[in-house]
Every structure is written in C-alpha cells, then in structure tokens.
Amino acid sequence: MEVAQDLAQVLIGGRWQAAHAESTFHAENPATGEALATEFPVSGWEDCDAALTAAAAAAPAMRAMAPERLAAFLETYAAKIEAAAEAIVAAAHEETGLPVSPRLKDVELPRTTNQLRQAAAAAREESWKRATLDVERNIRSCYAAIGPVVVFGPNNFPFAFNGVSGGDFAAAIAAGNPVIAKAHPLHPNTSRLLTEEARKAAAETGLPTGAVQMLYNMSNENGLRLVSDPRVGAVGFTGSRTGGMHLRRAAEEAGKPIYLEMSSINPVIFLPGALAESGEALAKELVDSCLAGSGQFCTSPNLILMWDGADAESLLAGVAQAFAQRAPQPLLSSAGQKQMATGVKALVDAHATLVTGGAVADGPGYRYANTLLRVTGREFLAAPHDLQREVFGNATMVVTVADAEELKAILDQLEGNLTGTIYSAKSGADDAIYESIEPLLRTKVGRLLNDKMPTGVAVSPAMNHGGPFPATSHPGFTSVGIPASLSRFAVLQCYDGVRANRLPAVLRDTIENPLTWRSISGAWVKG
C-alpha cells in the first residue's frame, strides 16, 4: 500500500506522518451541503498496527506514571484547547453546522475543558482505584490501568465526546492508559486541531510518545480487527446501535471489555395533574428540548406519554404549531437526513399518525422538517418494538394513554434508556400515580428525572450517563461522571503477602488516604 503524501497526516507514535491510505474522504458543511477542501485518509491496517505498537510500548510507562504527571497533562491540554479555541470552534462550526455561540464556544468547549480538569483531579485523588487493605492477612487490592484504550467518538459532540478530547479520552488517560482515538469522519479537521494541542501537551508534560494517537477513519473490517487485537486493553464507543453491536461482537469474542453508548428514546411522562396545572409551559419546554441541536442529542426526548383528554390535545396542538413555525436547523450529514426519512416512514408504517413534518425541508444543506407523530396507548401496545424505534433528529412521538394501567403496560414493554422523566403536579395530585409507575420506569433508565427535560447532562461526580441495554452495553457503568467513569478502563489487581516496598504506593500502610478501606482488628474502616 502506498503512503499518501498529500493528505492530512495521522498522529502515530508522537509525530504527524503520512497515512497508509486505502482511500480518502472530505468532510462536508451540513449547513450548505458543500464538500470542504481538506482531504483526509482512510487508514489501512498498517496505520492501525503502528498505533497499536506505539500504544503497547507506552502502556508500562503510563501505568507506572505518578498521578501528578497524568493530571498535569490533562490540565495543560485543557489550557491549550482554551488558547486555540477560536480556530477549533471555527472548524467545528464549519464541519457540523452547529452555532458558534452559544453551543460550541460558550457551552460545549468549556464543558470539555472542565471535564479534562475534573479527570486531572480524579487522577491526583485516586479514589477511583478503590484501594482496599486487609492489614491482618496482608491482602490488598486496587484498580489500575488496563492498557491501551481505543476510543470511537460520535458525530454530534465534536468536543465533549470527541475521541481525542471527550469523556472517554479523559477517563482513560486519568486511569493511566494510552489512547488511540478514532476520529469521527464528520469532523476530522476539528479532531486534527484538538489532537495537535494534545500532542504538544503530552510533549511538555513528559508523556510517552504513544500516549495519544489519532486516526481519522478506517474500514469496518479494520475497525473490527482493531478492537479485537491482543494489544488492546479496552474500548469506548459512542454511536449507532448497529455499529456498536458489530464492534461488541468482535471485542467480546477476543475477550476485550467494550463500553458502548448507543440507542435511547428517553421517555417523558406528563401526569394528568401536571398537564392541568401548566400545560402551556410544558409544551414550550418540550419543544425547546426536542429541537435543541436539531434533536441530535443522545438524551433528546423521542417518546412522550400523557393521559388522553382535552389537556393532552391542547398540549399537542401547541407543540405541533411550534414545530411547524420554527425553521428546521441543519442536521449533521446527508446520512442523518436519510436516517430521519427512513425512521419516520417506519413509524408511520407501524400505524403512527403524522401530525406535522415528515418530509425533507427546503433550504440549503441537510434539513428535515420538525416532525411530530402520535399514537394511542392501544396502538403502541400492538407494536411496541416498531414504535420505540429511535429517530435521531428533530422528531418525536406522543402516546396518549387511557389510564395508569395502560401506562404501566407500556413501561413494561420499553427497552433500556439513558433517561426517563416524570412531570407531576406540584399540588401532590399525581403522587399516587407517580408511586405506582416510578418503580417500573426506574428499572428501564440510567437517570431518572422529575419535572425537567433530559437534554442537559451535567459533568458531575453524581451523574450517570448510562443505562440498560440498548442505551449502553452494560448498565453498571457511566461515560459521564468522574471518578466513576474511570473504572471502565481499569483492571482489579490483588496483592497477597507482597512485601511493603513492592506494593503500589496507594496500598502501602504509610499512605494516609481517607478514601482507602482498611481492615484493622477485624473491623473495616476508611482512612
């Protein structure tokens, strides 16, 4: 295979170099539909192999590295992103069509640097290691770095979930692992700019040359081969259910842990008292949430459940009017537009009624009309699998239910989701219904919300951005929420009778850490 000389270069082993390209691609500006100038490589296996070799060589040094150095890299990187923000934001705006302000500049970029700094604090504090000391028996255990981590970034968050700057990246580095980032082909130049700042930060803080590497794209075959390679420690993926499941099969057959965030329709329930109290305000909240980012959030509300009746009809009319009046915003790609058309048609074929939208919208670039559908509870229960299909974009479906029993039957049929929301009356009129349905919804979602839309995901230690399958591949882990997110990229190690001077520092008796569990005189205490 020839080395491509005139393409954007890939970062392997600490230096930018020409790719062994199987083919090439151009990103597009989705707001205009025009191809962008820079040509990017689709890497062949030679690039994947070289990145794996460099990561494997870096892993022992990373594993032994003092937490302070890992933290210094993450903080230096955050500062460099902020210093280069103008160019990075401009590239992301061009490649995604997302607005510069407030979305990219004022919200997502600060969230990303905050996330990196939280990961730095977690690296220093070390609670994620869960050090446990049985002093009497001299048995000790803690979590440690698992080895090279491959991170697949999604299309919808060019900074906060990017393979080379997002939450998976931050967690993997903070846990002491090298990262091979697979950029998303919808924003390759954004990823290139971020990677350069990461490269400079790694060099300044003394990380091994294989600590941070980035490839723009690869064939499906090479992606499967990459995640199943013996040199890989773990994999993080955010994207479609179809792509995630293919990677999962390959990784698990090779015995590699893989953490997937995939599909979620995020049910929102309006109880009757809430509708009666504030239906107009709820309609506005719902519209704002559904259309934020053209509905291309993993926590966008795609399934709305409410009691049939006059209040529901009033809310539906308000939402339909707002959907029709608001200009559709650009989707991220032509593929996203096609996916919306296919998904909406599938819902209609499953007997959902189209209220408004349901067609490609006029205007430049890739747009789809804001779309509202509806079904009755009875119709939903007749085809629950087909009617909870995720349509990733500015479309949502309302289900009107006859009573609490029908709602319970619907909740029983739901797949796993990232979020689930219940709006109830402030007067307490809905409390009895709430108590009867909450246990059902609770088992179906990773994050339960009351009286607020699910589209915001705070970077908080208490946050869970995970959920039962198919929202994620494992309900016990989160991709947002530090230090909990670090445990995905760690391995539990036990030391039995190992001499004190040979133990990891966090397991030594001389280390005083209020977060360490110790067994003393038969009692387990912290500190």
Side-chain angles (χ1 to χ4, degrees), residues 1-29 35-58 73 76-77 80-81 83-96 148-153 155 158-159 162-166 168-169 172-173 178-205 207-223 225-226 229 231-232:
M1 182 179 296
E2 295 184 1
V3 176
Q5 300 294 339
D6 298 325
L7 302 177
Q9 296 183 321
V10 293
L11 184 71
I12 298 175
R15 67 182 184 89
W16 292 103
Q17 55 189 273
H20 292 81
E22 293 184 338
S23 59
T24 65
F25 71 98
H26 290 262
E28 292 182 315
N29 183 332
L36 300 175
T38 305
E39 192 172 14
F40 293 91
V42 177
S43 285
W45 180 249
E46 294 92 335
D47 289 345
C48 300
D49 185 54
L52 284 164
T53 298
F73 162 74
T76 301
Y77 183 24
K80 287 186 177 298
I81 289 174
E86 184 175 355
I88 293 170
V89 166
H93 171 63
E94 184 178 50
E95 292 181 323
T96 66
V149 174
V150 179
V151 177
F152 291 78
N155 61 0
F159 308 149
N162 193 300
V164 76
S165 65
D168 286 355
F169 172 88
I173 293 287
V179 170
I180 300 172
K182 191 271 185 187
H184 197 283
L186 292 190
H187 45 251
N189 193 43
T190 304
S191 300
R192 180 184 67 82
L193 295 175
L194 288 165
T195 301
E196 172 59 9
E197 300 310 318
R199 185 198 66 79
K200 291 188 290 188
E204 288 182 17
T205 54
L207 264 60
T209 54
V212 179
Q213 302 179 90
M214 189 273 294
L215 307 177
Y216 297 103
N217 204 357
M218 63 193 67
S219 68
N220 291 340
E221 179 184 0
N222 284 332
R225 187 176 176 184
L226 177 64
D229 191 277
R231 290 165 287 186
V232 169

Completion exercise
Scanning both residues in full, the closest heavy-atom pair of Ala35 with His26 reads CB-CB, 4.5 Å

Practice task
Give a yes or no on whether the backbone of Ala92 and the side-chain of Thr190 come within a donor-acceptor separation of less than 3.5 Å.
Solution key: yes

Problem - Closest non-hydrogen atom pair between Val151 and Gly163, with its separation - result: CG1-CA, 3.6 Å

Handout entry: Under the side-chain hydrogen bond (donor to acceptor under 3.5 Å, both in side chains) test, residues paired with Thr53 that sit two or more places apart
Key = Arg231

Exercise for the section: Using the side-chain contact (heavy atoms from CB on, under 4.5 Å) rule, take Phe169 and Val149 through it: C-alpha gap first, then chi angles, then the decisive distance, then the call. Expected result: CA-CA 8 Å; Phe169 172 88; Val149 174; over 6 Å; no

Problem - Closest non-hydrogen atom pair between Ala211 and Ala58, with its separation - result: N-CB, 4.1 Å

Practice task
Scan side-chain atoms only and decide if Glu196 and Trp16 contain a donor-acceptor pair under the 3.5 Å cut-off.
Solution key: yes

Completion exercise
When rounded to the nearest 0.5 Å, the distance separating CG of Leu52 from CG of Asp229 is 4.5 Å

Handout entry: Contact summary for Val164 and Tyr77, nearest pair of heavy atoms
Key = O-OH, 2.8 Å

Completion exercise
Here the gap from Arg225 atom CZ to Cys48 atom SG, rounded to the nearest 0.5 Å, amounts to 8.5 Å

Exercise for the section: Report the distance from atom CD1 of Ile180 to atom CD of Gln213, rounding to the nearest 0.5 Å. Expected result: 5.5 Å

Handout entry: More than 12 heavy atoms from other groups under 6.0 Å of CD on Gln17
Key = yes

Problem - Distance, nearest 0.5 Å, that separates NE2 of His184 from CZ of Phe152 - result: 11.0 Å

Exercise for the section: Determine the minimum heavy-atom distance between Leu194 and Pro158, stating which atoms define it. Expected result: CD1-O, 3.8 Å

Problem - Any donor-acceptor N/O pair, Tyr216 side chain to Asn189 backbone, under 3.5 Å - result: no

Exercise for the section: Would you kindly say whether Asp47 and His20 are connected by a side-chain donor-acceptor distance under 3.5 Å? Expected result: yes

Exercise for the section: For the pair Asn29 and Leu36, evaluate side-chain contact (heavy atoms from CB on, under 4.5 Å) and give the outcome as yes or no after the intermediate values. Expected result: CA-CA 7 Å; Asn29 183 332; Leu36 300 175; 4.1 Å; yes

Handout entry: Minimal non-hydrogen separation, Val89 against Phe159, with atom names
Key = CA-CZ, 4.0 Å

Handout entry: Among Leu215, Asn217, Asn222, Thr24, side chain to side chain contact (heavy atoms under 4.5 Å, CB included) partner for Val42
Key = Asn217

Fill in the blank from the handout: dist Asn162:CG -> Asn155:CG (nearest 0.5 Å) comes out at 11.5 Å

Practice task
Hey, could you give me the NE2/NE2 distance between His187 and His93, rounded to the nearest 0.5 Å?
Solution key: 15.5 Å

